[in-house]
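Working notes, structure below.
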2 protein chains.
Amino acid sequence: MANDEGPTRIQVKNRGLILEAGLDVFSTDGFRGATLDGIAKAAGLSKPNVLYYFGSKEAIYRALLDTLLDTWLDPLRALDPEGEPLEEFLGYVRRKLVLARDFPRESRLFAGEILRGAPLMADALAGDLRQLVDARCEVIRAWMTSGRLAPSDPHHLVFSVWALTQHYADFEVQVAAVLGPERDRWAEAEAHLVEHFRRVLVMRRVSHNDRSP
Amino acid sequence: MANDEGPTRIQVKNRGLILEAGLDVFSTDGFRGATLDGIAKAAGLSKPNVLYYFGSKEAIYRALLDTLLDTWLDPLRALDPEGEPLEEFLGYVRRKLVLARDFPRESRLFAGEILRGAPLMADALAGDLRQLVDARCEVIRAWMTSGRLAPSDPHHLVFSVWALTQHYADFEVQVAAVLGPERDRWAEAEAHLVEHFRRVLVMRRVSHNDRSP
DNA sequence: CGTCCCTTTTACCAGACGGTCAAATATAAC
DNA sequence: GTTATATTTGACCGTCTGGTAAAAGGGACG
C-alpha cells in the first residue's frame, strides 16, 4: 500500500464502497450504534478487509465527517455579495433544501454528530464554520443596513435556514407521519420556505396600524 | 414488589433516580450508545439493582419516551381556538421555546429517536401526534380563511415552529460555537423567533408594488 | 425475637464487538 | 513464469455488554 503512484484502482473502488456503506450505517445507527461487521457486510467486504483500508472504525467516521462540512457549507459559500439581496438569500434557501432532499444521510450523520456534542467536530465548528458564517452574516447585515432587506439578526436568520431545511431530512419520519404518504413533502417545503423567508425579509412600508386589532 | 398499596417510597425514589440517569445517558449517547453500567453509575446504583426496577435497558428507554411525547405536545395542545390568533400562535412559539430551553435533554432524546427512524415511536407519531396536529391545523386554517392570519400551509407552519425551537436545544453546541460564549442564545432566539413569526403571520395590506424593485 | 417481603449485592454467563495476525491469494511487472 | 507487492481471508483475542441466579442484607410487623 506504500506506493509512489497514488492509490490503485482497487483502492479507490474499495475505499469508496466502504465510505458509502459507512454513510449508510453511521447515519442510521450513529457512531456507537454502528458496527464494523455491519459496515463490512453493507460494503460486501470482510471485516479485516475493511480494516485494511481504514485502520479503525473511527477512521471511517472521520473520513466521512471531513468531506461533509465542506459540502454542507457550499450553499452558504455561494451567496454572492454582489447579487440582488432577496433573490440571493432565497437562492441560498433553495440550494440548502435541495441538499437536504438529495443527501438526507449526510444530513442525519451531521445531525447525529452535533446532537452528541460534536466530539469530533468541535474544532471545525468554532473554526471554519464560524468564520464562514461570520463573513456571510456581515454581507447580510450590510444588505439590511442599506435597506435592501428587512432588518433582523443575521446569525439567527442563518440558523433558521439550517433548522428549517434540515428538519425535513433529519425528522423525515415525523414529517411523513404527520403529512401522510400522499403529499409531496419536498415540493411543499420549498414553496412554504420561500414564501416564509420572503415575508421575513421583504421590506414593508411602515404603517402605524399594522399591529392594531 | 407485587403489592396492593402501590409503590413504596424507596421504589418511587429509585425509579426516579434511574429515569433521571437514563435521561442523561440516553440523551447524550443514544439508545445503542448508552450502557446499563453507565446508567447505573449515573444513578448511584448497581447494574442488577437497576434491572430490578426496570426489566431491561429498553424498558427504561420506553418509560422515558412514554412521558415525553405528551409533555412535548402540551404547548400545541394549549393553543386556544377562542383566543386572538396572532398572540395565540406567538404564545405557542414562546412556550415551545421555553420547553426547549428548560428541557434540552428531553429534546435531544426525542430528536435522536426520530433521527434513527423512530423505531419505538412510529405508532405514536402516526396516531396521537398526527391527530393533534391535524386538529390544531384546522384551527389555524380557520384563522387564515377568516383573514385574521396571513395564509400559508398550517402543517408546514407547525413544522417550522418545531424546527426553529428545537434547533436551539438539539444543535446547541453548533449554535454556541457560532455565536460565541458571550451572547445570550435563548434571549436572542426568543426575540428573533417572535419577530420572524410576526412577519410571517401578520396580514399585510395588498399592495401591487410590494415586490417591485 | 422471628418472619416475611422488599431490596441489594456478588459472581457469573453468553454473545457481540473492535481489532490483530499470519497465512493464502490475486495482481502487476519483468 | 517468476517475483514482488497488493489484497483478502479465517482464526483468534481481550473487552464490553445486557442480562441472570442465588444468596445476603434490611426494615416493618407480629
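Lettering follows sequence order; numbering is per chain, from 1.
Across all strands, Thr35(B) comes closer than 4.0 Å only to sugar-phosphate atoms, never to a base (heavy-atom distances). As judged by a 4.0 angstrom heavy-atom cut-off over every strand, Leu45(A) is placed among residues making no nucleic acid contact. The residue Ala34(A) sits close only to the backbone: its heavy atoms come under 4.0 Å of sugar-phosphate atoms, none of a base. The residue Leu51(B) sits close to a base: some heavy atom pair falls under 4.0 Å.
Contact check, Asn14(B) against dT8(C): a side-chain N or O comes under 4.0 Å of OP1 or OP2. Distances shown here put every side-chain N or O of Asn49(A) at or beyond 4.0 Å from the OP1 or OP2 atom of dG10(D). Distances shorter than 4.0 Å separate none of the side-chain N or O atoms of Ser46(A) from OP1 or OP2 on dT8(D).
For the pair Asp29(A) CG and dG18(C) P, the interatomic distance rounds to 11 Å; values are reported in whole Å. With rounding to whole Å, Arg32(B) atom CZ is found 17 Å from dC16(D) atom P. With rounding to whole Å, Lys41(B) atom NZ is found 18 Å from dT9(C) atom C1'. Atom C1' of nucleotide dC6(C) and atom CZ of Arg15(B) are separated by 14 Å, given to the nearest angstrom. The distance between atom CD1 of Ile10(A) and atom P of dT25(C), rounded to the nearest whole Å, is 17 Å. Atom NZ of Lys13(A) and atom P of dT27(C) are 9 Å apart (whole Å). Atom P of nucleotide dT7(D) and atom CZ of Phe54(A) are separated by 13 Å, given to the nearest angstrom. We find that NZ of Lys57(A) is positioned 4 Å from P of dG18(C), with the value rounded to whole Å.
Nearest nucleotide to the Gln11(A) side chain, out of dG19(C), dG19(D), dA6(D): dA6(D). Of the candidates dG10(D), dG19(D), dT8(C), the closest approach to any side-chain atom of Ser56(B) belongs to dG19(D). The nucleotide whose nearest atom lies closest to any side-chain atom of Tyr52(A) is, among dT9(D), dT8(D), dC17(C), dT8(D). If you check dT9(C), dT7(C), dG18(D) against the side chain of Leu36(B), the one that comes closest is dG18(D). Set against dT8(D), dG18(D), dT9(C), the side chain of Tyr53(A) has dT8(D) as its closest nucleotide.
Between the side chains of Glu138(B) and Trp143(B), no donor N or O sits under 3.5 Å from an acceptor N or O.
Residues Leu125(A) and Val178(B) form no side-chain contact, since every pair of their non-hydrogen atoms from C-beta on lies 4.5 Å or further apart.
The aromatic rings of His167(B) and Trp162(A) sit tilted, their planes meeting at an angle between 30° and 60°.
A salt bridge links Asp24(A) to Arg105(A): one of the charged nitrogens lies within less than 4.0 Å of a carboxylate oxygen. Using a 4.0 Å cut-off between a side-chain N of Lys or Arg and a carboxylate O of Asp or Glu, Asp153(B) and Arg141(B) do not qualify as a salt bridge. Under a 4.0 Å N-O distance rule, the pair Glu172(B)/Arg108(B) qualifies as a salt bridge.
Side-chain N/O atoms of Lys47(A) and base N/O atoms of dG18(C) include a donor-acceptor pair closer than 3.5 Å.
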